[in-house]
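What follows is a single structure, written as structure tokens, with notes after it.
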Amino acid sequence: MNVMKSLHRWLRAQRGWLVGGVLVGSTVLLWTTWDAWRDYARWRPLRPADVAAGEGGMLGGAEWRLGSVEILDPKDLALGRRVPDDAVVLVAHYAMTPATGADQKLLASCDGRLSDAKGRHWEEYPIELSRLHLGEPRGCVAELSADAGIRSAPPGAPWHFAHAYLVPSDVALGAMPELILPKLQPRYLRFQRR
Amino acid sequence: MGKARSVATSALWVAAAIATIGALVNLRMNYDSKLAPFLVSGRIGEAVVARAFVVTVGTVELAAATSAQDDPEEITLKSLSSAGVWVVVHLRLDARLAPISLLTANLQTSDGYAYAAAGPRVQGAGNLAYSRKLLNLKTTQPGLANDGLLLFEVPRARLAGLHLQVSQASGGAKLDSLADIDLGIDAAKAVDLLEHIAPLLTVRGDEP
């Protein structure tokens, strides 16, 4: 009992030093690892900016809007490939309107992703969907085709494009489409669905 | 007498301090062990759970040559032979969090040699079947497990004691988990496998 009492007394007497030590320690730790943390965040989408259903989100000097989201049965799509039995194809339709003077190259670097509540995510257009034809461009800014060359939206008008995903059927209903511009990480857009 | 004693004591303290510093320096982790992968061991037929994926090795077979065919209508590629033997590992891969490929895929021999899975060379043979079936080239997405294979060229004399090591991280899986699976090949099994070697294994892109 005596030991506890004297320990308590010692802790009280040294309170200032102990608190100061913790403060100095954490400052030093943060200071010395700050660059590493910044580098880590620079290459990873860590900070989602949630976009409410039906609204547009700003990223890289353009407004991005999620239109409809379709869930399709792979059997109806003539994929020419066997896909896992419980998989479905989710198609997210987007409209992108660049502000005047927006960096087209930056916008064209956009990546699509689909994430679920467990933090898992899926890539747009996996190899199983290589023969999928949606009749809508895949590129975020323009489309390059053999017959028509480069096609993009006229200034001020929205550009419509779509991202397709292959996901387990139980994920399709709740998953959220996301758009990432790698250079602007860690921030990215996460769209709520209707 | 007293002076000599105090000098001896000081010398002893200095020696003790040097020995302690030396021991601490030797104990300090070197760069390789600091970045070493986290080994997750398993055996053939077991689901081995790594940080980013779950892998289950099904069967192992040998082939003298490999080829690929993407569609039944397409022509079959010219076969690739080997100075040793092709070890074909059939496995199932499931991603846990994000899309992955097995960027590190090696067969480790009992005497310390590592043989990397065939990738660019067979891919250079230009057939989609390889990128659809070889799990070091193909991307596997969460919840959509892939049944595929890995191809290795190994000398005939080094089959016994092979371990498969796979990871989603490249460059030896530094600071990430590395699944290490004993393929269960002892000397007798190696002889048996060599006796039943398939003359040609064709990787088919349209097979499940």
Side-chain angles (χ1 to χ4, degrees), chain A residues 33 36 39-40 43-46 48 71-75 78-90 111-132 163-178 180 182 185 188 190, chain B residues 31 34-35 49-54 56 68-74 91-103 119 122-123 126-149 168-171 174-176 203-208:
Chain A
T33 57
D39 267 5
Y40 180 85
W43 304 110
R44 283 166 184 84
L46 297 176
I71 297 169
L72 309 169
D73 188 339
K75 291 184 196 82
L79 296 175
R81 285 294 143 203
R82 188 192 167 276
V83 296
D85 291 332
D86 62 338
V88 294
V89 174
L90 184 146
D111 278 329
R113 213 172 74 154
L114 194 72
S115 71
D116 74 351
K118 289 182 191 161
R120 298 186 295 174
H121 59 259
W122 289 264
E123 264 175 14
E124 50 170 310
Y125 297 111
I127 191 166
E128 290 89 347
L129 302 184
S130 55
R131 292 189 191 176
L132 177 69
H163 283 162
Y165 299 90
L166 187 70
V167 289
S169 51
D170 59 328
V171 165
L173 276 182
M176 283 183 286
E178 299 173 336
I180 299 162
Q185 290 177 123
Y188 68 101
R190 183 165 68 186
Chain B
Y31 203 65
K34 261 185 195 166
L35 302 181
V49 183
R51 182 186 67 82
F53 61 91
V54 182
T56 315
Q69 189 183 36
D70 194 31
D71 269 325
E73 309 95 67
E74 277 181 25
L91 66 168
R92 164 170 273 233
L93 180 68
D94 198 359
R96 297 180 70 193
L97 287 167
I100 61 152
S101 304
L102 295 177
L103 295 183
V122 290
Q123 199 180 29
N127 193 292
L128 266 180
Y130 286 130
S131 28
R132 289 187 203 283
K133 295 307 283 183
L134 299 192
L135 295 182
N136 53 333
L137 304 178
K138 187 184 179 176
T139 304
T140 296
Q141 306 212 71
L144 303 171
N146 262 322
D147 290 303
L149 42 93
Q168 60 116 28
S170 58
K174 291 187 175 78
L175 286 176
D176 201 345
V203 178
R204 295 189 192 282
D206 58 333
E207 270 180 4

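Side chains are part of it too, since the values below use all heavy atoms of this structure and drop only hydrogens, waters and symmetry mates. First the proteins, then the strands, lettered A, B, ... as listed; each starts at 1.
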Exercise for review: Looking only at non-hydrogen atoms, find the nearest pair between B:P142 and A:W122 and report the distance.
Suggested key: O-NE1, 2.8 Å
Practice item. Give the minimum heavy-atom separation between A:H121 and B:A98, together with the two atoms involved. Key: NE2-CB, 3.2 Å
Check your understanding: side chain to side chain contact (heavy atoms under 4.5 Å, CB included) between B:K138 and A:E128: does it pass, once the steps are laid out?
Key -> CA-CA 10 Å; B:K138 187 184 179 176; A:E128 290 89 347; 3.3 Å; yes
Practice item. Output the option from B:N146, B:T139, B:L97 having the highest count of non-hydrogen pairs under 4.5 Å with chain A. Key: B:L97
Practice item. For residues B:L144 and A:P168, report the shortest heavy-atom separation together with the two atoms involved. Key: CD2-N, 3.8 Å
Exercise for review: Output all residues satisfying side chain to side chain donor-acceptor pair (under 3.5 Å) with A:E124, sequence neighbours left out; order by chain, then residue number.
Suggested key: A:H163
Study note, to complete from the structure: Okay, A:V171 and chain B: the region with an atom under 4.5 Å from a heavy atom over there is neither
Check your understanding: Can you tell me if B:Q141 uses its side chain to pair, donor with acceptor, with the backbone of A:V167 under 3.5 Å?
Key -> no
